[in-house]
2 protein chains.
Amino acid sequence: MKLNKSEPPKKMSECSKQLMAINDALDMLRGKWKIQIIGALIFGKKRFKELQREVDGITAKMLSKELRELEMNELVLRTVHNTIPVTVEYELTEYGTTLEKLIDDLYDWGTKHRKRIIRKAG
Amino acid sequence: MKLNKSEPPKKMSECSKQLMAINDALDMLRGKWKIQIIGALIFGKKRFKELQREVDGITAKMLSKELRELEMNELVLRTVHNTIPVTVEYELTEYGTTLEKLIDDLYDWGTKHRKRIIRKAG
DNA sequence: TATACCACTTACCTAAAGTATACCGGTTTA
DNA sequence: TAAACCGGTATACTTTAGGTAAGTGGTATA
């Protein structure tokens with residue numbers, strides 16, 4: 001079911017359910033790092049240090065925290081290998097890749113918006 | 001004009017341009033109130049106090065700040081009427097309505113995600 | 001006279017997000 | 001022996017998002 005502008009939900013509960021779902025989605029993209037991490041993983045598995053090198057400026061603390069959140073939400077799979085020293089690989093789950101469309105749409109709208117605002121400002 | 005605050009690198013790679021565009025879009029939806037305000041305006045013009053009554057729990061300060069940002073980004077049009085006392089009407093611009101698709105997509109993904117995570121937790 | 005509505009603004013405060021830096025145990029390379 | 005790699009933690013700090021409470025100037029109603 002989509003937000004329906006011709007027929008606003010009569011019950012407040014429907015409306016706040018919709019808001020919750022939207023915020024659930026937004027929570028997965030919020031913050032400075034999540035999209036960059038997902039973006040880095042779209043092209044394949046990466047180890048922790050590889051990710052840290054690829055996501056420009058992220059600290060180990062933030063990377064660790066964000067990956068934990070993505071893992072809890074089943075968007076990222078964490079695999080520990082019994083190598084010496086241990087290596088840990090992160091990859092998008094199949095479910096994680098369903099975010100790609102959303103990110104594409106955000107990119108499309110954001111690009112148009114940026115052009116529009118820069119045109120006015122310049 | 002609220003374009004992405006992060007300093008663009010000297011030589012801006014395609015990748016960081018994309019990230020800025022995505023963050024521009026996200027900036028317009030992020031936070032506790034923007035989507036609720038846009039949602040309230042989808043069904044038509046509203047005065048300040050009407051909006052405040054409709055967006056549950058928002059303070060005048062936050063409503064004023066969010067509306068100013070939406071106005072700067074040309075998503076919302078502000079019209080002052082010479083009534084006594086003055087009334088101020090806010091409405092989505094045509095451009096503002098282009099966000100609806102994005103909000104729909106966020107809602108769709110968020111709904112599936114919510115079901116998935118709740119199923120796992122319960 | 002007192003109270004309430006209108007559309008806000010200002011000053012102050014708190015919690016969460018993010019940054020900086022050092023550190024852990026272990027292994028490999030020079 | 002020292003330094004660098006691995007995947008992280010721990011601690012302390014700054015920044016930002018948002019909340020609280022009060023006030024502004026004007027008009028209208030009881």
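Just so it is clear, the structure is predicted and the values come from calculations on it, not from any experiment. Order of the sequence lines fixes the chain letters, A, B, ..., with proteins taken first and strands second; residue numbering starts at 1 for each chain.
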Polar pair under 3.5 Å, donor/acceptor by atom type, side chain A:K61, base C:dT19: yes
Taking only side-chain nitrogens and oxygens of [X], does any of them come within less than 4.0 Å of OP1 or OP2 of [N]?
| X | N | value |
| --- | --- | --- |
| B:K32 | D:dG19 | yes |
| B:R53 | C:dC5 | no |
| B:R68 | C:dT9 | yes |
| B:T59 | D:dG18 | no |

Interatomic spacing from CD1 in B:I35 to CD in A:Q18 - rounded to 0.5 Å: 11.5 Å
Separation of A:R78 CZ from A:E71 CD (nearest 0.5 Å): 6.0 Å
5′-ward residue of the pair A:G57/A:I84 relative to DNA chain C: A:G57
Upstream residue (5' side of DNA chain C) when A:K65 and A:P85 are each assigned their closest nucleotide: A:K65
Rounded interatomic separation in angstrom, taking CG from B:L51 and P from C:dC8: 10 Å
Whole-Å gap separating P (D:dA17) and CD (B:E69): 8 Å
Mutual orientation of the aromatic rings belonging to B:Y95 and A:H113 [parallel < 30°, tilted 30-60°, perpendicular > 60°]: parallel
Basic-acidic side-chain contact under 4.0 Å: B:D27, B:R30: yes
